[in-house]
Number of protein chains: 2
Amino acid sequence: MAEPTQSRVVAELRRRIVLNLLTPGAVLTELGVAQDLACSQAAVREALLVLAGEGLVVRAGRHGTTVTDLDSDTAAEILDLRRRIELRGARRAIRRATAGELLELERIQFAMQSAAADGNAWAVLERDMDLHLAIFRLSGLHAMAPILARCMLHTHRFRLWAPWHQRDLTETAARHRPILDALRDGDATTLARTLGAHLDTIVERAGNDRRVRAA
Amino acid sequence: MAEPTQSRVVAELRRRIVLNLLTPGAVLTELGVAQDLACSQAAVREALLVLAGEGLVVRAGRHGTTVTDLDSDTAAEILDLRRRIELRGARRAIRRATAGELLELERIQFAMQSAAADGNAWAVLERDMDLHLAIFRLSGLHAMAPILARCMLHTHRFRLWAPWHQRDLTETAARHRPILDALRDGDATTLARTLGAHLDTIVERAGNDRRVRAA
DNA sequence: CGGGCTAGCATTATCGATAATCAATCGAGG
DNA sequence: CCTCGATTGATTATCGATAATGCTAGCCCG
């Protein structure tokens, strides 16, 4: 009850799509998922609207909305985009971060570790995105945050789609610590290095057969 | 009647925001614009949802949704992003464009010229975005098209917000021709040059006076 | 006279019903 | 047997009504 209906269904559908429980090409009917999730058609409709805005589904007029396709070319391109956005954002963030904001970052990282300890992979993922987003927001580049969120969603979806997605959760959570350290120390070069390396580990081998571009 | 209610109100609100008829900070109540645009609350609600997805408004819980702020730092960053996306996309587009697709591009460009002849600035803008988007779609990087659309929306909004936005419409329309030519000829370097130059003209010197606030 | 509480109000959130629309299917005619 | 057209079924689109919620102004009490 505490959770609003609409964000609940958005979150749930997003989870299923990113986790590839809903595979590309699957068609969703508004009334169908309304019944599935025990809510009204309007709620589902609005949820699908925002999911479409995130690029996870495409609304095909009257013929249901379908889950979007994945391809490694696009995934690689989006990851590059993400890297660029985050690195540039982090550079600005150093000059602007306040103590309180850094504390909030720590809090999120701690929540991620807790989720990892519980073995809750999805929660880890959510906290991961929260953390990266929170770091980016320090840059003050407000209007770009949703773009980054989008990129993250897609990179994770692609990562989980690939067969080699098993990853140790606690290690994943721990990997964010040096980034926070560099941020707190105001060390720009270390931050760029650790953040860059971190981003590289996300899809380490995803397409090093396909990918030839600059790093 | 021919036009669906929902896309109509989305288009109208988007127009007002990009044209700065609705200024940053303005609050919109669902019922209010419903009355203004002669439609139901639900239609407005959904429209605001997609506008929020585009980053033009931010939905603030119970106190209405407000039009987002503009700042030149973000605008510059987004323009850089846009340039990168479009240039990389164009490089791929050359290898993939079919004759039919090129014809469609011509058609859009023609529509833009017509709109320019009519002095309809907004229509020119819409066709401009259509054209850039259509070109990008040739790259096959499907999931990134909405990101580009977003970037374009924001660059235009910022451009129109700045005082020096007067531009000759027919000249703007004509400026796209060499891009199409290069695309048809399959000349990658010329395409990159003309497209890059074109993007430079959008916000020629936006922010070299305003950009000092970072320090 | 000031502070906190309450009642009313403005606004969003959610729902169920109804209209509009498209696609596929079934049937009749050639 | 094939083709074209009407009918039907499924699904989205749109609306108005109702519930929930947070805010504000005004009132009561200390």
Side-chain angles (χ1 to χ4, degrees), chain A residues 1-17 21-69 142 146 149, chain B residues 1-17 21-69 126 142 145-146 149:
Chain A
M1 323 301 166
E3 183 152 27
T5 306
Q6 207 231 56
S7 23
R8 199 196 79 213
V9 34
V10 169
E12 176 58 19
L13 287 179
R14 187 187 287 144
R15 187 183 73 89
R16 293 190 188 177
I17 294 176
L21 305 176
L22 285 170
T23 59
V27 300
L28 304 173
T29 70
E30 296 180 356
L31 238 34
V33 328
Q35 188 170 354
D36 187 10
L37 268 60
C39 62
S40 74
Q41 182 203 358
V44 176
R45 183 180 171 77
E46 290 169 7
L48 290 179
L49 248 336
V50 344
L51 256 36
E54 295 175 346
L56 294 178
V57 302
V58 53
R59 291 175 58 75
R62 274 192 183 48
H63 217 287
T65 81
T66 72
V67 178
T68 53
D69 275 344
H142 244 63
Chain B
M1 279 304 211
E3 184 153 23
T5 305
Q6 208 232 51
S7 23
R8 197 196 80 213
V9 35
V10 169
E12 177 58 20
L13 287 180
R14 186 186 290 143
R15 185 181 74 88
R16 293 190 188 176
I17 295 176
L21 304 176
L22 285 171
T23 58
V27 300
L28 304 173
T29 70
E30 297 180 354
L31 240 35
V33 329
Q35 188 170 354
D36 188 9
L37 267 58
C39 62
S40 74
Q41 181 202 359
V44 176
R45 184 179 171 77
E46 291 169 8
L48 290 179
L49 248 335
V50 344
L51 256 36
E54 294 175 347
L56 295 179
V57 302
V58 52
R59 290 175 59 75
R62 286 275 182 317
H63 358 234
T65 80
T66 73
V67 177
T68 54
D69 275 344
E126 279 187 313
H142 247 65

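All figures in this text were calculated on a predicted structure; none of them were measured in a lab. Numbers restart at 1 for each chain; the letters A, B, ... are given by sequence-line order, proteins then strands.
With sequence neighbours excluded, the residues forming a side chain to side chain donor-acceptor pair (under 3.5 Å) with Arg45(A) are Glu30(A), Glu46(B), listed by chain and number.
A sub-4.0 Å separation between OP1 or OP2 of dA13(C) and a side-chain N or O of Thr5(A) is absent. One finds no side-chain N or O of Thr29(A) lying less than 4.0 angstrom from the OP1 or OP2 phosphate oxygen of dT11(D). The side chain of Arg62(B) contributes no N or O atom lying less than 4.0 Å from OP1 or OP2 of dA10(C). OP1 or OP2 of dA13(D) sits under 4.0 Å from a side-chain N or O of Arg59(A). In this model, the phosphate group of dA13(C) is approached by a side-chain N or O of Arg45(B) to a distance below 4.0 Å at OP1 or OP2.
Place Ala43(A) and Leu31(B) on DNA chain C by their nearest nucleotides, and Leu31(B) ends up nearer the 5' end.
Separation of atoms SG (Cys39(A)) and CG (Asp36(A)) is listed at 9.0 Å; rounding is to 0.5 Å.
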N/O donor-acceptor pairs under 3.5 Å from side chains in residues 48-58 of chain B, not counting sequence neighbours:
{"residue": "Glu54(B)", "atom": "OE1", "partner": "Arg14(B)", "partner atom": "NE", "Å": "3.1"}
{"residue": "Glu54(B)", "atom": "OE2", "partner": "Arg14(B)", "partner atom": "NH2", "Å": "2.6"}

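End-to-end axis angle of the helix from dC1(C)-dG30(D) to dG30(C)-dC1(D), using five pairs per end and rounding to 10°, comes to 10°.
Using a 4.0 Å heavy-atom cutoff across all strands shown, Leu48(B) reaches no nucleic acid atom at all. Gly32(B) comes within contact range of no nucleotide atom at all, as no heavy-atom separation falls under 4.0 Å.
Residue Gln41(B) places a side-chain atom within donor-acceptor reach of the base of dA13(C), judged by atom type and a 3.5 Å distance cut-off alone.
Between Arg8(A) and Glu12(A), no side-chain nitrogen of the basic residue sits less than 4.0 Å from a carboxylate oxygen of the acidic one, so the salt-bridge criterion is not met.
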